[in-house]
Amino acid sequence: MPHQVIEQGDGLKVSVLGAAGGIGQSLSLLLKTQLQFLLRGADCDSKRLSLALFDVNKEAIDGVATDLSHIDTPVEVSAHSPQSGDSAGIGSCLENADVVIIPAGMPRKPGMTRDDLFNINAKIVAQLTDSIAEHCDLRKVFVLVISNPVNALVPVMHHRLRTKHQGRVRGTGIERRVFGVTKLDIVRASTFLREVVNKDSTNTMPFVPVIGGHSGETIIPLFSQNELSEQLTKEQRDFLVNRVQYGGDEVVKAKNGKGSATLSMAHAAFKCAQDFINVILGNTKEINTINFGSLLDFEGRPIAHGAEKLLNAVDNCSFFAVPMTVTREGVQSVDYTIVSRMDAAEKNEMLPLCVSKLKKNVANGETFAVQLV
Ligand SMILES: NC(=O)C1=CN([C@@H]2O[C@H](COP(=O)(O)OP(=O)(O)OC[C@H]3O[C@@H](n4cnc5c(N)ncnc54)[C@H](O)[C@@H]3O)[C@@H](O)[C@H]2O)C=CC1
Ligand SMILES: O=C([O-])CC(=O)C(=O)O
């Protein structure tokens, strides 16, 4: 495993691409109000915190950034758009970023699947990938992709970095720091489980790992891993699995043409980003987190400890959301034992279905990335 020591900088910069949208605005609000609470000890006074907001909609992003900048926290806010010229374009948004979060792209309308978003959002993500390759320090940045379909767009980014930008990415280990955000599935699984069992007896939220991908049957909520699910009947358990797998549709339907999940997603993305920020700030040496990422590095070797065994268990599906240990350098190990801890239905029914669908999504992403110049 290549090892590089990344020096801690004198500040923390988070860049949000697509920050004027439904998720982007709510997420930026959470970052603006909460970032300083992640500082510890001497860092509280010495570290500079900045939030760089980019969107293709200049008017909207200027308004959002000005509005946020009035909030009484020490987080500096800047607005960036293609129309703002080089001094406030995407380059200055991404320059020296520690974390780049991407909610740029079209959301679903009723009747659409996430795959229907692929053509338009893949072009957006490919374009943003080029900007990241050009402007970010690829030896340190973490990239978190929210835009849908996550299952295919993370492979698009991975493939484009590996092929179009091979000169820049070589030796940086960036592939160990590019992830799709599937945290909302975990947030939903906990919420929905608590609604069914013991709701009134505790305020503690149950934790349910969710692995696989982020769309329908590629989402595998592992209720077997939470002891509360012993209280569930088979019907209740099947209902919960389906509700997590199609939680996105529930919101799309309720919003009735006005988009998909934004507030719950912003919450989930903030929770996800917070883990990475804790590692970047040195509050902890490593985090245990579940993200959608590549199991192979740019040379085609298993990306981290445990990846080879996981690849064997998932029919060589090269991208998978799985519990992983991440340090400042990126993913260090993936927990392949999660598969052996599944119960019979999860392992024999849900996993094969997930893997066959996920492999098609990944292949779509890679085919698109090959065709796009
Ligand atoms: N990973 C997940 O769990 C979830 C993912 N999503 C996805 O997140 C994406 C965003 O959703 P919303 O915020 O609701 O959409 P939205 O339409 O409210 O916001 C999208 C923003 O992206 C901007 N944008 C478009 N092209 C851009 C580009 N090339 N560069 C920068 N900005 C660009 C738009 O101007 C807009 O402000 C959708 O693809 C949606 O499906 C939504 C919920 C959950
Ligand atoms: O369903 C959608 O289109 C948005 C999404 O990914 C989710 O809410 O999980």
Side-chain angles (χ1 to χ4, degrees), residues 15-29 52-65 79-84 89-90 93-94 100-132 144-154 156 179-189 191-192 210 212-216 218-219 221 243-255 257-273 290-292 321:
S15 305
V16 182
L17 311 183
I23 298 168
Q25 288 198 34
S26 316
L27 172 61
S28 301
L29 175 63
L53 308 181
F54 176 82
D55 203 287
V56 286
N57 185 339
K58 177 176 174 7
E59 266 184 27
I61 201 64
D62 287 350
V64 168
H80 306 261
S81 68
Q83 302 90 334
S84 302
I90 195 156
C93 176
L94 291 173
V100 177
I101 314 178
I102 310 185
M106 281 254 297
R108 281 201 284 167
K109 290 202 163 49
M112 290 171 88
T113 67
R114 291 184 185 81
D115 289 345
D116 294 331
L117 303 170
F118 179 71
N119 284 337
I120 182 150
N121 288 353
K123 288 195 192 97
I124 294 173
V125 163
Q127 200 180 39
L128 296 175
T129 303
D130 293 347
S131 301
I132 289 168
L144 307 177
V145 179
I146 295 174
S147 319
N148 269 318
V150 169
N151 291 0
L153 295 188
V154 178
V156 166
F179 301 110
V181 180
T182 53
K183 186 80 167 182
L184 182 53
D185 303 317
I186 298 166
V187 164
R188 284 181 176 139
T191 308
F192 300 162
V210 182
H214 178 66
S215 173
T218 69
I219 301 173
R243 192 166 178 213
V244 174
Q245 290 181 330
Y246 294 94
D249 298 61
E250 195 177 304
V251 182
V252 169
K253 196 166 164 225
K255 291 199 174 179
K258 300 223 161 47
S260 55
T262 53
L263 303 171
S264 51
M265 182 59 230
H267 163 78
F270 179 76
K271 279 183 104 167
C272 173
I290 301 180
N291 303 292
F292 181 77

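As the structure lists them, so they are numbered: ligands from 1, and atoms in each ligand from 1.
Within a 6.0 Å radius of CD in Q83, other residues, nucleotides and ligands contribute more than 12 heavy atoms. In K109, the NZ atom is not crowded: 12 or fewer heavy atoms of neighbouring residues, nucleotides or ligands sit closer than 6.0 Å.
Listed by chain and number, R108, R114, N148, L184, R188, H214, G248, S260, A261 each place a non-hydrogen atom less than 4.0 angstrom from ligand 2.
Near G22, meaning under 4.0 Å from one of its heavy atoms, ligand 1 places the atoms 13 (O), 16 (P), 18 (O), 19 (O). Every atom of ligand 1 is numbered from 1 in the order shown, and the set under 4.0 Å from a heavy atom of T262 is 14 (O). Per-residue contacts place N121 under 4.0 angstrom from the following atoms of ligand 1 (heavy atoms of the residue considered): 39 (O). Remark: ligand 1 atoms within the under-4.0 Å shell around heavy atoms of F54 are 30 (N), 31 (C). For ligand 1, the atoms lying closer than 4.0 Å to a non-hydrogen atom of A261 are 42 (C), 43 (C). For ligand 1 and Q127, the ligand atoms under 4.0 Å from any heavy atom of the residue are 29 (N).
Not a single donor-acceptor pair under 3.5 Å links the side chain of S84 to the backbone N or O of H80. Of the possible polar contacts, none joining the D62 side chain to the E59 backbone as a donor-acceptor pair under 3.5 Å is found. When atom types are taken as modelled, the side chain of N291 and the backbone of F179 share no donor-acceptor pair closer than 3.5 angstrom. In this structure, S147 contributes its side chain and A104 its backbone to a donor-acceptor pair below 3.5 Å.
Looking only at heavy atoms of the protein, atom 13 (O) of ligand 1 is closest to I23 N, 2.9 Å. When only non-hydrogen protein atoms are considered, atom 26 (N) of ligand 1 lies nearest to I124 CD1, 3.5 Å. The protein non-hydrogen atom at the shortest distance from atom 20 (C) of ligand 1 is G105 O, 3.2 Å. From the protein, the heavy atom lying nearest to atom 4 (C) of ligand 1 is M265 SD, 3.5 Å. The protein non-hydrogen atom at the shortest distance from atom 39 (O) of ligand 1 is M106 O, 2.7 Å. Of all protein heavy atoms, the one closest to atom 3 (O) of ligand 1 is H214 NE2, 3.0 Å. With respect to atom 6 (N) of ligand 1, the closest heavy atom belonging to the protein is N148 ND2, 3.4 Å. In this structure, atom 34 (C) of ligand 1 lies nearest to the protein heavy atom D55 OD1, 3.5 Å.
If you look at L117 next to ligand 1, the close heavy atoms, those under 4.0 Å, all belong to the side chain. Contacts between T182 and ligand 1, counted as non-hydrogen atom pairs separated by less than 4.0 Å, are absent for every part of the residue. At a 4.0 Å heavy-atom cut-off, ligand 1 does not touch K183 at all. Contacts between R114 and ligand 1 below 4.0 angstrom, taking non-hydrogen atoms only, are absent altogether. The side chain of V150, and not its backbone, has at least one atom closer than 4.0 Å to an atom of ligand 1 (non-hydrogen atoms only; side chain from C-beta on).
The structure places CD1 of I102 at 12.5 Å from CD1 of I23, a figure rounded to the nearest 0.5 Å. A distance of 11.5 Å separates CG in L128 from OG in S15, rounded to the nearest 0.5 Å. Note: I146 CD1 to L27 CG = 5.5 Å, rounded to the nearest 0.5 Å. A distance of 10.0 Å separates CE of M265 from NE2 of H267, quoted to the nearest 0.5 Å.
Inter-residue side-chain proximity for V251 and R188 is flagged as met; some heavy-atom pair is nearer than 4.5 Å. The closest side-chain heavy-atom distance from R114 to N151 is not below 4.5 Å. Within the 4.5 Å cutoff, side-chain heavy atoms of L94 are placed close to those of L17. Annotation: side chain of R108 is in contact with side chain of L117 (closest heavy-atom distance under 4.5 Å). With contacts defined as side-chain heavy-atom distances shorter than 4.5 Å, the pair V244/I219 qualifies. Between N148 and H214 there is a side-chain heavy-atom pair separated by less than 4.5 Å.
When only modelled atom types and interatomic distance are considered, S215 and T218 share no side-chain donor-acceptor pair under 3.5 Å.
The shortest N or O to N or O distance between V145 and ligand 1 is not under 3.5 Å. For L184, no nitrogen or oxygen atom sits less than 3.5 Å from a nitrogen or oxygen atom of ligand 1, counting backbone and side chain alike.
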Does the side chain to side chain contact (heavy atoms under 4.5 Å, CB included) test come out yes or no for V252 and S260, once each step is laid out? CA-CA 5 Å; V252 169; S260 55; 3.6 Å; yes
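Comparing S131, A104, P107 against atom 17 (O) of ligand 1, the shortest heavy-atom distance belongs to P107. Taking each of I90, V56, L17 in turn, the one with a heavy atom nearest to atom 28 (C) of ligand 1 proves to be V56.
Residue contacts with ligand 1 include P103, since one of its heavy atoms falls under 4.0 Å from the ligand.
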